[in-house]
2 protein chains.
Amino acid sequence: MKELLRTKGFKVTPQRELIFRSFFELGRHVTVDELYQKVREKDNSIGYSTVWRNLKLICRVGLAEEVNIGDGLTRYDRTTAAPHGHLFCRRCKKLLEFNVERIVGILAQAARENSFTLEGFKVEIQGLCEDCRRVPDRECDQGKAN
Amino acid sequence: MKELLRTKGFKVTPQRELIFRSFFELGRHVTVDELYQKVREKDNSIGYSTVWRNLKLICRVGLAEEVNIGDGLTRYDRTTAAPHGHLFCRRCKKLLEFNVERIVGILAQAARENSFTLEGFKVEIQGLCEDCRRVPDRECDQGKAN
DNA sequence: GCGACAAATGAAAACGACTTTCATTTTCAA
DNA sequence: TTGAAAATGAAAGTCGTTTTCATTTGTCGC
Ligand SMILES: [Mn+2]
Ligand SMILES: [Mn+2]
Ligand SMILES: [Zn+2]
Ligand SMILES: [Zn+2]
């Protein structure tokens with residue numbers, strides 16, 4: 001870890017160590033604020049921007065990548081050996097993962113057919129998770145007239 | 001059109017008519033600002049918020065849906081008979097479409113396997129379009145140290 | 001046609017996640 | 001040990017989106 005950082009020319013600070021460690025202790029799909037809160041429990045002098053910058057750094061060194069669902073919050077997802085897709089529950093915002101092996105080939109071909117250099121992809125299912133389906137909707141957040 | 005609106009209980013105003021018409025005259029994947037500019041050419045007294053609200057309305061009545069790539073700009077995409085995926089060029093921000101017939105079944109199954117009620121999905125390929133691939137990168141937007 | 005009244009409009013302000021700035025502190029290679 | 005480069009924290013800035021609010025307008029029953 002320290003090695004990886006120093007190798008790539010980054011300095012190792014106490015804040016950085018704590019942030020990196022905390023990131024991997026949290027589950028997957030971490031938001032800046034979640035990590036910020038977690039880190040603060042250990043050292044409440046760490047600034048939000050430091051957490052943010054280190055999350056970016058974690059991505060830069062290839063240990064995570066940004067996930068952008070449509071809800072205006074960037075999540076940071078540890079990189080996995082195999083690529084995966086996301087199931088996003090619109091109600092509780094839970095994020096599950098699923099295998100996309102059978103899809104990557106199709107995507108590669110689609111890129112090829114469009115003379116497109118594929119650098120990455122995103123496969124996402126929106127809907128309701130098992131728990132949220134049980135509870136009837138009540139809200140209807142569509143209903144705002146504006 | 002007017003019928004659709006009145007049927008669903010919305011009023012038909014001159015602004016609304018112009019905005020709706022202009023939206024369908026523009027191509028696909030329209031941003032609020034693009035439509036705002038277009039509309040202004042015809043009536044420069046129309047406010048940005050009116051355009052924004054009517055774009056939301058167009059979605060509400062099912063004629064379009066929001067597309068959120070990770071670039072912080074919401075685009076509005078006319079609804080198509082068959083669902084489609086997007087090829088997004090990170091350089092010129094162009095957005096191509098491709099067929100996802102062969103993917104929807106896989107997604108439906110993934111949802112099923114996760115006890116997830118599928119309500120929608122998003123399939124997106126990021127990369128470089130044919131034109132942009134030709135021009136070497138020069139920039140390296142990764143390089144910011146912060 | 002004539003109100004009544006809810007809905008729509010436009011300008012401006014508010015929002016909020018993200019990003020940058022800057023003065024200061026810290027790391028680390030020489 | 002020391003100096004240059006990088007990192008930090010607080011604060012301010014950015015920017016697309018969303019809301020507020022006073023005013024205007026469309027629609028419906030009369
Ligand atoms: Mn994930
Ligand atoms: Mn499209
Ligand atoms: Zn849920
Ligand atoms: Zn391009």
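Convention: sequence-line order gives letters A, B, ...; per-chain numbering from 1. Values below: all heavy atoms of this structure, side chains included; hydrogens, waters and symmetry mates excluded. Since we're looking at a predicted model, the values are computed, not measured.
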Nearest-Å distance for atom pair CH2/P, residues B:W52 and C:dA12: 19 Å
Along DNA chain D (nearest heavy atom to each residue), the more 5'-positioned of B:D33 and B:S49: B:D33
Sugar-phosphate only, base, or nothing, as touched by B:K2 at under 4.0 Å among non-hydrogen atoms: nothing
Atom NZ of A:K93 with >12 non-hydrogen neighbours under 6.0 angstrom: yes
Rounded distance in Å - CG (A:D43) to P (C:dT25): 17 Å
A:Q15-A:R53 side chain donor-acceptor pair, cut-off 3.5 Å: no
Sugar-phosphate only, base, or nothing, as touched by A:N54 at under 4.0 Å among non-hydrogen atoms: sugar-phosphate
Donor-acceptor pair, side chain of A:N99 and main chain of A:E101, under 3.5 angstrom: yes
Touch class at under 4.0 angstrom, heavy-atom based, for B:F10 against every strand present: sugar-phosphate
Rounded distance in Å - CG (A:N68) to P (D:dG16): 16 Å
Minimum heavy-atom distance between A:V104 and A:P83, given as atom pair plus value: CG1-CG, 4.2 Å
Residue met sooner reading DNA chain D from 5', once B:T13 and A:K11 are mapped to nucleotides: A:K11
Value in whole Å for how far the C1' atom of C:dT19 lies from CG of B:D71: 16 Å
Polar side-chain contact A:R53-C:dT21 base: donor and acceptor under 3.5 Å: yes
Rounded interatomic separation in angstrom, taking CD from B:Q15 and C1' from D:dG26: 11 Å
Touch class at under 4.0 angstrom, heavy-atom based, for B:T74 against every strand present: sugar-phosphate
